[in-house]
Structure formats: structure tokens, C-alpha cells
Amino acid sequence: MAPQGSRAPLEFGGPLGAAALMLLLPATMFHLLLVARSGPARLLGLPPYLPGPEALWSPWALLLWLTWLGLQAAFYLLPARKMAEGQELKDKTRLRYPINGFQALVLTALLVGLGVSAGLPLGMLTEMLLPLAFVATLTAFIFSLLLYLKALIAPASALAPGGNSGNPIYDFFLGRELNPRICSFDCKYFCELRPGLIGWVLINLALLVQEAELRGSPSLAMWLVNGFQLLYVGDALWYEEAVLTTMDITHDGFGFMLAFGDLAWVPFTYSLQAQFLLYHPQPLELSMASVICLINAVGYCIFRGANSQKNTFRKNPSDPRVAGLETISTATGRQLLVSGWWGMVRHPNYLGDLIMALAWSLPCGVSHLLPYFYLLYFTALLVHREARDEQQCLQKYGLAWREYCRRVPYRIVPYIY
Ligand SMILES: NC(=O)C1=CN([C@@H]2O[C@H](COP(=O)(O)OP(=O)(O)OC[C@H]3O[C@@H](n4cnc5c(N)ncnc54)[C@H](OP(=O)(O)O)[C@@H]3O)[C@@H](O)[C@H]2O)C=CC1
Ligand SMILES: CC(C)=CCC[C@@H](C)[C@H]1CC=C2C3=C(CC[C@@]21C)[C@@]1(C)CC[C@H](O)C(C)(C)[C@@H]1CC3
């Protein structure tokens, strides 16, 4: 049986904060979905109407959603080009993960392409966003409940460092088990990268197709948003192995926060800019589009450069690409980079991600705040995440971490933060 009442400090405002977030996050998602299609599209105003049960519930949406999850699960189970090992666990073992996420993206694209050429009305998906978001939220609640119950019979070594406070609301939100698996099927790893991320680009594509049907051709702004976000998702799946060292996989349990985040929040709120553009077309000059492409390229280079530098260094510090970089030794035997990207700020990858977030909103113009929701939310998420990571690194590396902070004083934005 799992031990109750572990002493990890409570995060997210404890049980009260967790309860509030479980109500607030779905409410915000539905607010955004409703406001994006309303005339005034005011982020801070009331939603234009409150949807009744008939607008939220559709058996077709449920069927479509379950088919989607089943399809992505089947792709996950296909033979992988590589099996990667995760970080060492409490019991000194390492889990193995299939690296076939990019393959799943390509197979999905082929299947959707075949469907569209056979007359599948992809644009119709945009009419189903509300009921789809509703079934995704319902799935996240049910799934989190099953995961909570599963953790009751998990060995103590399988539990996450947080999420085992003994308070059921808090533990349900944060997640109790670190890597819940059904045989070799890793639930958290699957959800983090497949149904939500690939679902996000599919929703974007459906919005582009619908715009072409309504207005004759997709707008330049819609092309940019689709292209940038496809690059981001393609990159995540191409470098899939890197997700194994993120705090979601190595530290956080699998509970409502990640289940809802992965399955509902990512596809339905990350596609907000494309949703906004379908209902509020925005003119975009070619010169402005070029500047926005440049901003996205700068953000992507920083994001990819920083993530790859750290991953290469963690895999093999003597790799010629990173061997010349300056480092600090820590008592754990691991080293910290203090030059290159990681000598500029302590989270250069967050900086790149934020610059890209800006580039995704700019094609929507500056007349509305709504398309900038992602940038605002993401800034808050990364500032909070940076503080959590800082705490974990201080615990792991002690004095060496303090020395790193002294030498690299800025967290995310040079000379500002
Ligand atoms: N689009 C989205 O919604 C989201 C995107 N992201 C993105 O996910 C990516 C991963 O983020 P995340 O997991 O939060 O954090 P990071 O990839 O930044 O990983 C942090 C870890 O890196 C290691 N590290 C920190 N500093 C150094 C250093 N100087 N030298 C070597 N190793 C160091 C430490 O782990 P250790 O020493 O143990 O290796 C630390 O715990 C980011 O690019 C982020 O932008 C994140 C959240 C949401
Ligand atoms: C508000 C809310 C519901 C919070 C949950 C947070 C999640 C939405 C995010 C936590 C970490 C994430 C990561 C990605 C997507 C968003 C979530 C799940 C990510 C898969 C996006 C693509 C990147 O390239 C990435 C693989 C580095 C990234 C990993 C973290």
C-alpha cells in the first residue's frame, strides 16, 4: 500500500488551490471557446451565452473522441524505430519508452489526407469543438479518478514526490503515481505527446479548411499560425526522447492537472489563434508577415538550440558539440553548464518558447486581446514552472546551484527577469 501524508511541501495553493484550479481551468477553456466565436471576442467580458446541454453533449463527439484516442493508442503500440530509457527511478530501475511519435504524426496526416480526398468534411470539425472539449474534459475527470484508484495499490516506490499528501483533492489534482502503466503502455508519456498535441494541429487544419470553404482561400494569417504551430508540434515529436527529462515525466504524478492539460487544455486552447482567425479575419501585409516569421525563427532557434545543448550535454558531456563549454561541478557528480545558451539566462528554452508564443499571436493583429491569451497564460505558467524547477535544483545541487545563480543571475529574460 502507498504511504499517506508524505512531507513534500504543498504546491498550487494546497487543496484549496487545487480545487479552485479544477473548476477554473475547464471554465476558462469553455469561456475561450465561446468568446472566440462571438462578435466582440472580448477576453475579459462575459461569454456571449451559456451553452445548454444540447450544445455540450453529442454522442457523435464522444464517438469521434474515443476513436481518436484509440487510433493514437494503436499508433503508439506500433513497432518503434528506437526504445529510449527514462531517468533512473527510486528503485534504481529505468523504464523504456517507444520513440515513434513523429511516425504517429505522419500516419495521422496520411489517414486524414486519404479521408479528405475521399470526401471527409474536415471543416465540420470546427462545429464540434464545444462538444469535443466537453467529452475531453469528462474523459480527463474519469481518467484521473481511475489513476487515483490505481495508485492505491501501487508500491511506494512508484509514487511521485508530490501528490501524496493524504488530502484526496490535492492528490487527485497533482497525481499520485509517477509513471502509471498498463503493461508496457505508459499513460502519462502517451497523453503528454500524442492525442492532445496531434489533435491541436488537426483542429488548426480543420479551421484552415473551413476558412477556405467560407472565404475561398485561407488567409495569410491562418497559414502562418498553422505553419508555426505545426513546426512546434513536429519538433516536439521529432525530439520526443527529450520529454523524458522534463519535470512532467520525472517529477510530477499523473493526475487531473496533466490529464486535463494534455487531453483538453492543449488542443482546445492552444488552437485559440486559429479559432479567432476563422471568426475574425485579419488582414496581414507581406512585409509584416516576414517580420513575424523572423520573430518565430529567432524564438525557435533559441528554444531548439537550448534544449538540444542541454540534452546533448546530459547524454554525453564529452560530445564535441558541448565539450568546450564551461561547467560547474556538483556534489551529485553531474555538472551544470555555465556558458553557451545556459550561460545567457537560467532558462533560455523558456525565452525561446515565449518569443514563439508572441509570433503565434501577432498574425491576429492588435485589435483584440483574445489571441494573446496564450502568451499571457504561458508567461504565468513558465514563471511558476521556473520557480518550481529552481526549488528542485536547489534541493538537488545545493551550493553548486547557488554558484550557478550567482554566475547567471537572470532567470528567463536577460537584464529583465
Ligand atoms: N508549450 C507548453 O505548454 C510548454 C512548454 N514547455 C517547454 O518544455 C521544455 C522543457 O521544460 P522543463 O521541463 O520545464 O525544463 P527544462 O528543460 O529547462 O529542464 C530543467 C532541468 O534542466 C537541468 N538544468 C537546469 N539548468 C541547467 C544547466 N545550467 N546545465 C545543465 N542542466 C541544467 C536541470 O535538471 P537536471 O540537472 O536534473 O538535468 C533542471 O531541472 C521547455 O522548452 C519549455 O519551454 C514547458 C511547459 C509547457
Ligand atoms: C493549465 C494547465 C492545465 C496546466 C497543465 C500544463 C500542461 C498543459 C503543460 C505542462 C507541460 C507541458 C509540456 C508540453 C505541452 C503542455 C504541457 C503538457 C509540451 C509537450 C509542448 C511541446 C514541447 O516541445 C515540449 C515537448 C517540450 C512540451 C513538454 C511540456
Side-chain angles (χ1 to χ4, degrees), residues 22 25-26 29-30 33 51-78 80 98 100-101 103-116 118-150 172 175 177 180-207 209-210 233 236-237 254-271 275:
M22 274 191 281
L25 290 172
M29 181 183 74
F30 285 109
L33 280 167
E54 69 294 340
L56 290 176
W57 174 250
S58 146
W60 291 112
L62 178 64
L63 186 70
L64 189 62
W65 178 246
L66 294 179
T67 309
W68 176 250
L69 291 182
L71 182 74
Q72 291 306 323
F75 288 162
Y76 177 95
L77 293 170
L78 286 177
N100 59 5
Q103 180 182 312
L105 178 68
V106 173
L107 287 175
T108 308
L110 285 176
L111 216 64
V112 171
L114 270 177
V116 170
L120 187 87
L122 185 59
M124 292 288 285
L125 193 65
T126 60
E127 308 291 322
M128 293 180 78
L129 290 186
L130 219 50
L132 278 172
F134 183 71
V135 291
T137 306
L138 209 62
T139 319
F141 266 107
I142 297 170
F143 195 27
S144 317
L145 188 65
L146 294 175
L147 290 168
Y148 183 87
L149 297 176
K150 181 178 177 308
F172 174 84
E177 204 177 333
R181 286 188 161 207
I182 303 162
C183 301
S184 64
F185 189 94
D186 193 291
C187 303
K188 188 167 62 171
Y189 176 67
F190 167 72
C191 288
E192 181 98 351
L193 285 173
R194 314 294 178 96
L197 276 193
I198 303 177
W200 169 21
V201 289
L202 186 63
I203 291 174
N204 273 352
L205 182 65
L207 290 155
V209 168
Q210 186 73 348
V233 171
L237 294 166
F254 195 25
F256 182 78
M257 178 178 78
L258 279 183
F260 175 77
D262 294 340
L263 298 176
W265 184 261
V266 167
F268 299 101
T269 65
Y270 284 27
S271 56
Q275 291 180 47

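Hydrogens, waters and symmetry mates play no part in the numbers below; they use all other heavy atoms, side chains included.
- Within the structure, salt bridge (charged side-chain N to carboxylate O under 4.0 Å, His left out) contacts touching residues 64-77 (residues at least two apart or in different chains) do not occur.
- Within the 3.5 Å criterion, the main-chain N or O of Y189 finds no donor-acceptor partner in the side chain of Y76.
- Applying the side chain to side chain contact (heavy atoms under 4.5 Å, CB included) test to A206 and every residue at least two apart in sequence or in another chain returns L122, L125, T126.
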Given the rule in the side chain to side chain contact (heavy atoms under 4.5 Å, CB included) test, do L77 and F185 qualify, once you have shown the distances and angles that lead to the verdict?
CA-CA 8 Å; L77 293 170; F185 189 94; 3.8 Å; yes

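- Applying the side-chain hydrogen bond (donor to acceptor under 3.5 Å, both in side chains) test to residues at least two apart or on different chains, the pairs with a partner in residues 256-269 are W265-Y377.
- What you find for R194 and A104 is that their closest heavy atoms are NH1-CB, 3.9 Å.
- Here the closest non-hydrogen pair linking L263 and C191 is CD2-SG, 4.0 Å.
- In this structure, T137 has no side chain to side chain donor-acceptor pair (under 3.5 Å) partners at least two apart in sequence or on a different chain.
- Taking every heavy atom of both residues into account, K150 and R181 meet most closely at CE-O, 3.4 Å.
- The closest side-chain heavy-atom distance from F254 to C187 is below 4.5 Å.
- Taking 4.5 Å as the limit, every side-chain heavy atom of L202 sits out of range of all side-chain heavy atoms of I198.
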Show, in sequence, the C-alpha distance, side-chain angles and deciding distance for E177 and Y148, and conclude whether the side chain to side chain contact (heavy atoms under 4.5 Å, CB included) test is met.
CA-CA 8 Å; E177 204 177 333; Y148 183 87; over 6 Å; no

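- A heavy-atom distance below 4.5 Å is not found between the side chains of V116 and V209.
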Side-chain polar contacts of residues 60-71 - donor-acceptor pairs under 3.5 angstrom, sequence neighbours left out - could you list them?
from : atom 1 : to   : atom 2 : distance (Å)
W65  : NE1    : T139 : OG1    : 2.9
T67  : OG1    : L63  : O      : 2.6
W68  : NE1    : P195 : O      : 3.0

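- With sequence neighbours excluded, no residue satisfies side chain to side chain donor-acceptor pair (under 3.5 Å) with E192.
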Take L56 and V135 through the side chain to side chain contact (heavy atoms under 4.5 Å, CB included) test and state the conclusion after the steps.
CA-CA 8 Å; L56 290 176; V135 291; over 6 Å; no

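- Closest heavy-atom contact between Y270 and W200: O-NE1, 3.1 Å.
- In terms of heavy atoms, S58 sits closest to P131 at CB-CB, 3.9 Å.
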F260 and M29: CA distance, side-chain angles, deciding distance, side chain to side chain contact (heavy atoms under 4.5 Å, CB included) verdict
CA-CA 11 Å; F260 175 77; M29 181 183 74; 4.0 Å; yes

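- Between the side chain of Q275 and the backbone N or O of F268 there is at least one donor-acceptor pair closer than 3.5 Å.
- In this structure, F143 has its ring center at least 6.0 angstrom away from the ring center of F256.
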